[in-house]
Amino acid sequence: MSKNIFNEAKILIVEEQPLAQSYMKQSLEKIGFGHMRFADHALAAKEQCLHEEFDLVICSFNLSKRQDGYQLYEELRAKALIKHSTGFIFTSAETSGELVHSVLELQPDDFLVKPFSVQELRVRIERILKRKSDLKAIYTLIDDDNQSKALKQINAQLDKSNKYSPILLRLKGNILLALKQNQEAKDFFKSVLNMQKFAWAKVGLVEALIANNEHILAQRMLKTMLERNETRLIALDLLGRLEIKLNQFDLAQDFLSQAAHIAPRNIDRQKSLNSVSLINRDYETSYLTQKDIATYAKYSMHDSPDIYLNAARAGIDFALTTDQTDQINRISRQTNKYINELKTQFPTSNAQTQIDVLNARLYYLKDEHKKAKQLIEQLDDSDTQIRSVDGALDKAKALHELGFHQKAQALFSQIIDHCERHPSRSDATYLRYIQQQQSERRDIKMGPKELNNHAVKQFERGQLNVALEAFSQAFRVMPHNPSIALNLLQCLVDKSKKQGDSFNSLLAQKCFKLLKKSPLAEEQSERFDKLLQIAKEMKLEIS
């Protein structure tokens with residue numbers, strides 16, 4: 001490699017440890033680099049990228065002052081503070097699975113494990129800078145969003161014998177997908193795979209198949225990709241997205257949950273997981289997901305007041321579907337913690353109305369209905385503009401829970417209308433959840449807690465028909481609550497035994513399926529075993 005490229009290359013080193021920064025400086029000087037800038041935290045790095053164009057950024061993954069390396073690189077790319085022609089190398093002494101998978105998803109140019117030698121550093125840098133320099137014209141066109149012209153240049157380069165052919169082929173595939181030339185992309189990726197089984201070409205072919213609505217073939221390919229470590233994460237992610245497209249939300253949640261476990265820093269995937277878990281009425285998963293979002297989004301480009309508000313809202317939604325007092329108290333404390341964190345992180349945010357709604361729902365959760373109603377009634381109803389879909393949805397839930405059903409339904413309709421008029425701002429799955437909520441709350445006037453309490457009272461009074469209807473409604477709203485499933489199964493069996501009515505085996509089987517996989521208290525387990533025995537004696541179909 002020409003010494004001039006070493007001499008002329010501008011390098012930014014992002015490293016907070018003085019000794020590591022000194023070692024990097026000495027190493028680069030030995031290699032022959034002269035134009036070096038240094039930043040010991042992410043904010044300084046962003047400031048430098050804003051005012052200067054670098055050929056290479058070498059960044060420690062483990063920054064501790066606000067943003068870490070992952071969050072920095074994600075923002076630099078998203079905001080075009082570095083170009084495609086800029087090389088990016090992560091360095092880290094840590095090699096945990098979570099970190100490695102997170103890095104792979106971001107697709108930097110390289111990842112160096114500390115400690116590394118000067119020679120190793122030289123070889124990696126030389127390879128990256130040479131490639132970036134030789135392909136700069138194409139990268140510049142991509143940066144300028146001139147995809148068609150970039151495609152022409154790539155084709156011209158591929159017509160020649162080119163050592164960068166695998167990289168150029170990958171760029172071509174990405175551009176064909178970006179231009180939505182789905183059939184051409186499909187044919188292209190197939191031709192690449194006929195030459196060599198590149199993992200990226202398999203991924204590209206699946207994306208083209210999904211865009212082409214060839215779902216069965218896409219699923220078949222993805223399931224084979226699950227078996228290989230190098231493609232498992234992306235296969236889980238694509239399967240989750242495909243199942244959402246097919247309205248198979250249980251399957252989508254399973255795939256996205258597995259992907260989020262492997263690499264939890266991907267905020268967009270976490271948001272998709274939250275949406276499908278809400279559709280599935282799995283409020284515990286929604287709560288845990290929103291907690292992860294609040295953890296990993298803090299200080300990142302995703303950080304906002306909504307991150308903390310949504311974590312608090314998800315906690316209340318979950319607490320309303322559980323009957324465990326200690327868990328409710330724990331979630332209440334966590335909700336207050338998120339509200340305080342919001343005020344610390346965003347002291348000038350205009351979120352007081354949304355906080356008031358949250359506090360009203362907290363009062364409702366604690367059975368302090370009078371305080372909850374007073375707080376809701378003092379809100380300004382004349383302001384009908386939807387500034388936050390999440391905030392408006394939370395208010396609609398609060399209105400319903402506190403008995404203001406007409407106002408709640410009107411607000412649900414307003415939110416849905418807003419989302420349909422601004423589809424680019426709304427996740428289609430989330431919109432479906434809002435529509436689901438409106439429908440459920442139109443049919444079921446009671447809140448989750450009152451509904452379950454009402455059902456238990458009717459059951460204890462021997463009003464089995466009324467109790468069965470109430471438990472069925474409660475199970476519709478809370479299909480992951482084992483206590484409600486057990487009560488509903490008890491009611492189904494008792495009603496059939498005492499009244500000789502036809503037995504709803506389909507509903508009983510849903511209860512059985514949940515109870516079999518749920519951890520039950522000793523008393524619940526004994527009740528369940530007894531019910532199974534009675535059902536067996538009565539020849540009722542449950543399992």
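Given the structure is predicted, the values throughout are model-derived calculations rather than measurements.
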Name all residues meeting the side chain to side chain donor-acceptor pair (under 3.5 Å) criterion together with Gln435; count only those two or more places apart in sequence or in a different chain, and write none if there are none. none
Summary of salt bridge (charged side-chain N to carboxylate O under 4.0 Å, His left out) pairs that have at least one residue in residues 176-195, sequence neighbours excluded: Lys186-Glu214
I'd like to know if Glu52 pairs up with Arg37 as an ion pair, taking the criterion as any Lys NZ or Arg NE/NH1/NH2 lying under 4.0 Å from an Asp or Glu carboxylate oxygen. yes
Quick one: do Asp427 and Arg432 make a salt bridge, cutoff under 4.0 Å? no
Non-neighbouring partners of Phe61 that pass ring pair (Phe, Tyr, Trp, His ring centres under 6.0 Å), sequence neighbours left out: Phe90
For the pair Lys114 and Glu15, find out whether any cationic side-chain nitrogen is under 4.0 Å from an anionic carboxylate oxygen. yes
Among side-chain atoms of Glu16 and Ser64, is any donor-acceptor pair under 3.5 angstrom? yes
Any luck finding a side-chain donor-acceptor pair between Asn266 and Tyr296 under 3.5 Å? no
Which is it for Leu121 and Ile31 under the side-chain contact (heavy atoms from CB on, under 4.5 Å) test, yes or no, and what are the steps along the way? CA-CA 9 Å; Leu121 182 64; Ile31 295 170; 4.2 Å; yes
If you measure from CG on Leu171 to OH on Tyr139, what distance do you get to the nearest 0.5 Å? 5.5 Å
In Asp394, Leu342, Val357, Asp390, the residue satisfying side-chain contact (heavy atoms from CB on, under 4.5 Å) with Leu309 is Leu342
Can you tell me which residue pairs pass the salt bridge (charged side-chain N to carboxylate O under 4.0 Å, His left out) test with a partner in residues 72-88, sequence neighbours excluded? Lys46-Glu75, Glu75-Lys79
Check Glu126 with Lys130, please: is the shortest side-chain N to carboxylate O separation under 4.0 Å? no
Give the intermediate values and the outcome of side-chain contact (heavy atoms from CB on, under 4.5 Å) for residues Glu105 and Arg269. CA-CA 12 Å; Glu105 277 206 296; Arg269 178 166 55 238; 2.9 Å; yes
Pairs where residues 202-260 contributes a residue and the test ring-ring contact (aromatic ring centres under 6.0 Å, His included) is met, not counting sequence neighbours: none
Any donor-acceptor N or O pair under 3.5 Å, side chains Ser92, Glu94: no
Restricting to salt bridge (charged side-chain N to carboxylate O under 4.0 Å, His left out), what partner residues turn up for Arg131, sequence neighbours left out? Asp109
Taking NZ, NE, NH1 and NH2 as the nitrogens, is one of them in Asp317 or Arg313 under 4.0 Å from a carboxylate oxygen of the other? no
If you take all heavy atoms of Gln290 and Ala314, which pair is closest and at what distance? CG-CB, 3.7 Å
Measuring from Ile415:CD1 to Gln438:CD, what's the distance to the nearest 0.5 Å? 9.0 Å
